[in-house]
Amino acid sequence: MGSICAGQGVISILDHQKSRSSMSHKLEMDLERFADTPLHRQEMGSPVYFDTRDAFYSEYKLHANPIGYGEHGEVWLCNKKQGNKLRAVKMINKSSLPSLVIEDRIIYKEIEKLKRIKSNSYIKFYKICEKRNGYYVVMEYIQGGDLTDIFESRKKFTEPEAAKILFQIILAVTRLHQNQVKFNHIKPENILFSNPENLTVKFNPLNMLSIVRDPPNDLSCFSPEALQGKLSEKSDVWSIGVIMFYLVTGILPSKDSVFLYEKVPSKMLAFLSQKGKNLMDGLLMKDPNGRISLKDALNHGWILAYNHIEDLEIVG
Ligand SMILES: Nc1ncnc2c1ncn2[C@@H]1O[C@H](COP(=O)(O)OP(=O)(O)OP(=O)(O)O)[C@@H](O)[C@H]1O
């Protein structure tokens with residue numbers, strides 16, 4: 001097994017890849033490229049590096065049952081043996097991914113790209129282990145559940161609560177866009193509560209970018225133009241609009257088709273303040289060209305009414 005020392009990490013190259021010489025050459029080129037990136041330095045106290053399945057099991061102990069299920073695999077709890085720290089691990093089935101994603105090792109590149117973004121709004125990644133038919137992505141465990149879990153114990157959020165959550169979401173997605181990353185699959189399951197009491201949320205950005213099926217099986221937050229293959233940053237704005245709708249009404253649109261906001265009876269939103277309705281109309285404008293920008297959404301009166309500029313420190 002070959003290894004390249006890079007920064008503080010040691011990169012292991014899987015045996016099975018040795019047999020595929022062109023792949024192996026490409027892999028080495030990729031690893032050389034990564035050697036100069038922050039991926040192999042300790043950032044925010046969380047080293048990330050590539051490893052094997054065996055390394056995963058020697059370093060972590062899996063709990064008995066999965067805690068979550070997705071289209072691409074299951075999420076399990078595990079303990080890092082050293083220090084007994086609780087972590088979550090997403091076990092991604094390679095068979096659920098397009099073959100190009102695997103051949104081009106896109107998951108490594110995308111996580112590396114995310115690591116460059118300085119923000120506490122995203123779940124930290126600790127390690128990616130690869131086996132013949134899957135990846136183990138070890139990440140920070142977020143205890144408070146996702147947005148759908150929260151709705152098991154409440155009907156909806158008040159406007160101040162919703163504005164606080166939405167503000168964090170808009171800010172986090174703005175940071176992604178500033179780093180040339182489109183979130184692309186914003187959905188309630190990817191919004192996790194790190195502190196449900198003060199409504200602090202974090203994103204699981206694993207579900208974004210090209211590792212996910214396009215279009216996804218779940219269309220509830222998918223924009224009309226994205227469904228036609230015209231994906232842009234404004235598609236994320238639409239998804240944020242659906243999340244706003246969900247927060248204030250407690251109703252999540254069907255997964256089977258894109259949300260027909262124009263068909264929502266006005267009496268369903270009669271309780272919403274004028275400013276709230278105005279922002280929702282802007283986020284859920286069907287024509288992406290007319291849709292509000294994230295910058296204007298951040299500065300919208302409804303958001304500003306319930307958030308303080310100091311909050312930028314908390315969520316950033
Ligand atoms: N880091 C984490 N900490 C705590 N819970 C998590 C974490 N990551 C995911 N979960 C839980 O596991 C569930 C499934 O997560 P997963 O990432 O598989 O969702 P998904 O978006 O449906 O995935 P997929 O892209 O495979 O369809 C989430 O809804 C969440 O409740």
Side-chain angles (χ1 to χ4, degrees), residues 44-46 48 56 60 62-80 85-98 101-102 106-107 110-111 114-115 119-129 133-154 165 168-169 172-173 176 181-196 199-222 226 231 236 239-240 242-243 246-247 252-256:
M44 297 186 294
S46 56
V48 172
F56 172 79
Y60 297 93
L62 265 193
H63 286 212
N65 298 303
I67 56 166
Y69 300 87
E71 274 177 46
H72 305 91
E74 295 168 348
V75 178
W76 293 66
L77 272 182
C78 61
N79 277 77
K80 186 170 162 60
K85 291 182 190 128
L86 201 53
R87 302 276 187 248
V89 56
K90 168 106 180 188
M91 298 190 168
I92 299 175
N93 304 320
K94 283 187 182 171
S95 60
S96 72
L97 304 174
V101 169
I102 299 154
I106 282 177
I107 190 165
E110 294 192 341
I111 288 184
L114 289 172
K115 288 288 294 173
S119 173
N120 289 330
S121 306
Y122 309 109
I123 290 174
K124 285 182 189 136
F125 295 110
Y126 293 105
K127 190 164 199 131
I128 310 171
C129 297
N133 56 0
Y135 298 103
Y136 297 171
V137 183
V138 184
M139 54 187 159
E140 183 183 1
Y141 170 56
I142 307 295
Q143 295 198 31
D146 66 38
L147 193 50
T148 59
D149 297 327
I150 298 287
F151 274 105
E152 283 170 16
S153 59
R154 62 188 302 160
I165 297 169
Q168 297 171 72
I169 296 170
V173 178
L176 284 180
V181 177
K182 288 190 281 295
F183 197 96
N184 186 356
H185 290 272
I186 297 168
K187 58 179 186 175
E189 291 84 352
N190 297 339
I191 299 166
L192 297 160
F193 283 79
S194 57
N195 186 341
L199 303 177
T200 308
V201 294
K202 288 203 178 206
F203 284 94
N204 180 356
L206 247 196
N207 313 84
M208 52 190 275
L209 306 168
S210 42
I211 72 158
V212 292
R213 222 185 299 273
D214 217 0
N217 287 347
D218 177 355
L219 293 174
S220 56
C221 299
F222 214 55
L231 198 73
D236 285 343
S239 307
I240 292 172
V242 181
I243 297 291
Y246 184 36
L247 289 170
L252 184 62
S254 156
K255 292 179 186 232
D256 300 333

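Everything quoted here is computed from the prediction, not taken from an experiment. Each ligand, and each atom within it, is numbered from 1 in the order the structure gives. Numbering of residues begins at 1 and proceeds along the displayed sequence.
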Review point. Measuring from the heavy atoms of Lys187, does anything fall under 4.0 Å of ligand 1?
Key: yes
Out of all atoms in ligand 1, which are within 4.0 Å of some heavy atom of [X]? Include the element for each.
X	result
Ala88	1 (N), 2 (C), 3 (N)
Ile67	5 (N)
Tyr141	3 (N), 4 (C)
Ile123	1 (N)

**Study point:** Tyr136 ring center near Tyr60 ring center (under 6.0 Å)
**Key:** no
Would you mind finding which of [options] brings a heavy atom closest to [atom]?
atom	options	answer
atom 16 (P) of ligand 1	Lys90, Lys124, Arg87	Lys90
atom 13 (C) of ligand 1	Gly144, Pro188, Gly68, Pro66	Gly68
atom 3 (N) of ligand 1	Asp146, Ile142, Asn204	Ile142

Review point. Quick one: does Asp218's side chain have a donor or acceptor within less than 3.5 Å of a partner on Ser220's backbone?
Key: yes
Practice item. Please work out whether any backbone atom (N, CA, C, O) or any side-chain heavy atom from C-beta onward of Met139 is under 4.0 Å from ligand 1, and answer side chain, backbone, both or neither. Key: side chain
Revision key, fill the gap. Logged contact type for Asn190 with ligand 1, heavy-atom cut-off 4.0 Å, is side chain
What are the two closest heavy atoms between [X] and [Y], and how far apart are they?
X	Y	value
Lys187	Cys221	CA-SG, 4.0 Å
Val75	Ala88	CG1-CB, 4.2 Å
Val201	Phe193	CG1-CE2, 3.6 Å

Review point. Is there at least one pair of N or O atoms, one from Glu140 and one from ligand 1, spaced under 3.5 Å apart?
Key: yes
Practice item. Could you verify whether a donor N or O on one side chain and an acceptor N or O on the other, from Thr148 and Asp146, lie under 3.5 Å apart? Key: yes
Check your understanding: Can a salt bridge be assigned to the pair Glu189 and Lys255 using a cut-off of 4.0 Å between side-chain N and carboxylate O?
Key -> yes
Exercise for review: State the NZ-CG distance between Lys94 and Leu97, to the nearest 0.5 angstrom.
Suggested key: 9.0 Å
